[in-house]
Every structure is written in C-alpha cells, then in structure tokens.
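Here's the structure, in structure tokens; my notes come after.
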Amino acid sequence: MHHPAVTRRRCLQAWALGAGPAWAGRGAGAAAPLTIRLSHVVAEQTPKGLALQRFARNVHAAGGGRIRVEIYADSRLYGDASEMQALQLGAVDMLAPSLSKFGPIGCPEFELFDLPFLFSQREQVHRITQGSVGRALLATLARQGLVGLGYLDNGFKHMSANRPLLAPEYFAGLRMRIQSSRVIAQQMRALGAEPVVLDFGETRRALALGVVDGTENPASNFWTQHMHEAQQDLSLTTHGWLGYAVVTHQRLWQHLQAPDRRLIEDALTEALAWGNTIAEQENRSALAAVQASGMTRVHAMDEAQRQGLRQAVQPAWDGLRTRIGPEWMARMRAALD
Ligand code: LMR
C-alpha cells in the first residue's frame, strides 16, 4: 500500500504532467460522459459521507449513468491542507470542507460559524445556512474562483481529552488539535490551552501518540475515527457547530452545459436536504456507541458550567469582530433574532 502522502503527491504530479481533469476537452454536446471527482476527509458512515454517497446515486440515476461522481472519502486522496490546493489546480472537482476551512483560503467571514456558543439549536444554524446570510457567504467564495453549491449539517462539537473539560481551569496547558480557524485557535487560547492545527486525517494518531492531548468534534467524527480509543473523557460541551459547504471550481462549473449544471444542482440539493435530516440521528447513534464501548467516560454539562465556558471564550468573539468588521456579525445576529 502506498503512503497517503505519496499517493497525494502522485496525483498532483499526474495533473502537472497533463492528465488533467476528467471533463477537460469534452465536446460541446450535452451527451458527453462526465466524471466528477469528489474528495473529503471523513468516514463513509457519517452525515457527510452518507449525504455525498446519496448525491452520487442521484446523479447516476438522473443522468442515466452518463455522469459519474467518484468519491474519495476518509482523506484517501487529500487531507485538509492539500484538498483546497487540489481543487484550485483541477486535480479534484468537488470538495465538502467544513466551514472552518474557508478562512485560511481568504474567506474569513466563514469563521462566523465557529463562534463558540453562537448556536444552541440546529434550527438556528438553518436560519443562516438556508437564508440570505448563507447565500451571501457562499457568494464570497467567488473571490477564490470557487462556487458554493450548498450547506450540509454535521452537529454540535464536544471537547475531549484524558480528563473532563467542563470548566476553563481543566484546559490549562493542554495541547488541543484544532481545524485551521483563527476563531477556534482563539477559543482554545482563551481557555488556557495551546491550539495545534492538524489535518483531520492525522488527528487520531496524534492523540494516540500524545502529540496532542485533546480535540473537539461532533460524536459522529469522534466515533468513526476511533478517537474513543485514544481519549478517556468526552465532555458534552456543545460549544460550537460543525457544518460544511459543498464547493466546486468556476473552471468546471462554467464549462458544463446548462442542463448538466442543473442536474448536478438538483441531485445535490436533494442529497443535502436528506443529509440534514439524518445528521442528528447519526450523532446520537455515534454517542451511544462511544458510551457502549466503555473506553471513554462521557460527561454531561450543567448550565453553570456552560456559563463558565461561555464567559471564558469571549475573546474569540472580539477577535473575529476586529478581523471581519461588525457588519457580518450584525447580519448574523439579525438573522438569529
Ligand atoms: C475536522 O477537521 O475536525 C472536521 O472538519 C472534519 C470534517 O470534515 O468533519
């Protein structure tokens, strides 16, 4: 078996050598075959993995097999750091990164979704993602040549480590793996921990080796990455949201015939809506599985503990306001009120 980094390098090399995207050089006829390569970093049995499989099936059915969506799950092709680059280069055609991963590519407004304790219910998230603020955020992706095709839920994140994390004092000195979001980095610093940005696909191993001490994720990712084998305590902090945007590149999108674009959009819209109906249950089942494993203690959090964490992470809000200006914060607030 090849080392994943080697495989990734080969793919980028293949592109550089002219293998090119599967759709390049297609004739103008709407009946030409088309393959869309879609890469993501989580397991198949997660809200994202399942919704994207459904998208592939929808496309297959609607296109009579002429259009194929090839899915590379679980960081098999690219990890967090390389997948955005691969999309820009045309080595893949579609991604579904978490909303936290758009800040580093020049769309810091997406870090609004990372604000700790912004949302307390999934329905509030939908007021943003299914409304005008969500649409305006997707439009900012054009700056990077990307096209935002829609949002998908995962769920609320919890904190894990080899100790309970229900109060700020327990975070002192911990090295916490985070996604590459400045809001999340500031949240961890405000709690007294040291944030360490790592690819999702490397997190479980880093936890097992003690390179990092803890992390944050919804139960579905925690369970399917076997993090329960490396973390003794999972604290149900529900302090932040993990959601996704499905994106493609303008180069591909503009190249497609209008009927194919519509077919892909419709197939995705249905799959994302379906994904949003199963995400909560997937997270509930994953949490039950963690509990049943007996390897990780699961800690509930009371309202006073929640207030303690909420107060401590205030600097993350101040930092984002300074970086993106008060207007986006106000728009988000207005949509939630
Ligand atoms: C993470 O890096 O923790 C998540 O964004 C992974 C994912 O895509 O759910």
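Remember, it's 1-based here, ligands and their atoms both numbered in the order they're listed. Everything quoted here is computed from the prediction, not taken from an experiment.
The minimum heavy-atom distance between D80 and L198, with the atom names listed, is OD2-O, 4.2 Å. Shortest non-hydrogen contact noted between H158 and H239 is C-CE1, 4.0 Å. L52 and A96 make their closest contact through CD1-CB, 4.0 Å (heavy atoms, listed as atom of the first residue, atom of the second, distance).
Shown here is R333, whose CZ atom has no more than 12 heavy atoms of other residues, nucleotides or ligands within 6.0 Å.
By the criterion of a heavy-atom distance under 4.0 Å, neither the backbone nor the side chain of D199 is placed next to ligand 1. Within the 4.0 Å heavy-atom criterion, the part of L242 lying near ligand 1 is the side chain and not the backbone. With a 4.0 Å heavy-atom cut-off, ligand 1 is reached by no atom of T203.
Of the residues E229, H228, H226, the one that meets the side chain to side chain donor-acceptor pair (under 3.5 Å) test with R204 is E229.
When hydrogens are left out, the protein atom nearest atom 5 (O) of ligand 1 is Q179 OE1, 2.7 Å; that is the closest non-hydrogen contact. Atom 9 (O) of ligand 1 has as its closest protein heavy atom Y244 OH, 2.5 Å. Of the protein's non-hydrogen atoms, V42 CG1, 3.3 Å is the one closest to atom 7 (C) of ligand 1.
Look at R177 and you'll find a heavy atom under 4.0 Å from some atom of ligand 1.
Comparing K157, K101, K48 against atom 2 (O) of ligand 1, the shortest heavy-atom distance belongs to K101.
Where the criterion is an N or O separation shorter than 3.5 Å, residue side chain and backbone included, N154 fails it with respect to ligand 1.
Inspection of the N154 and N283 side chains reveals an N or O donor paired with an N or O acceptor under 3.5 Å.
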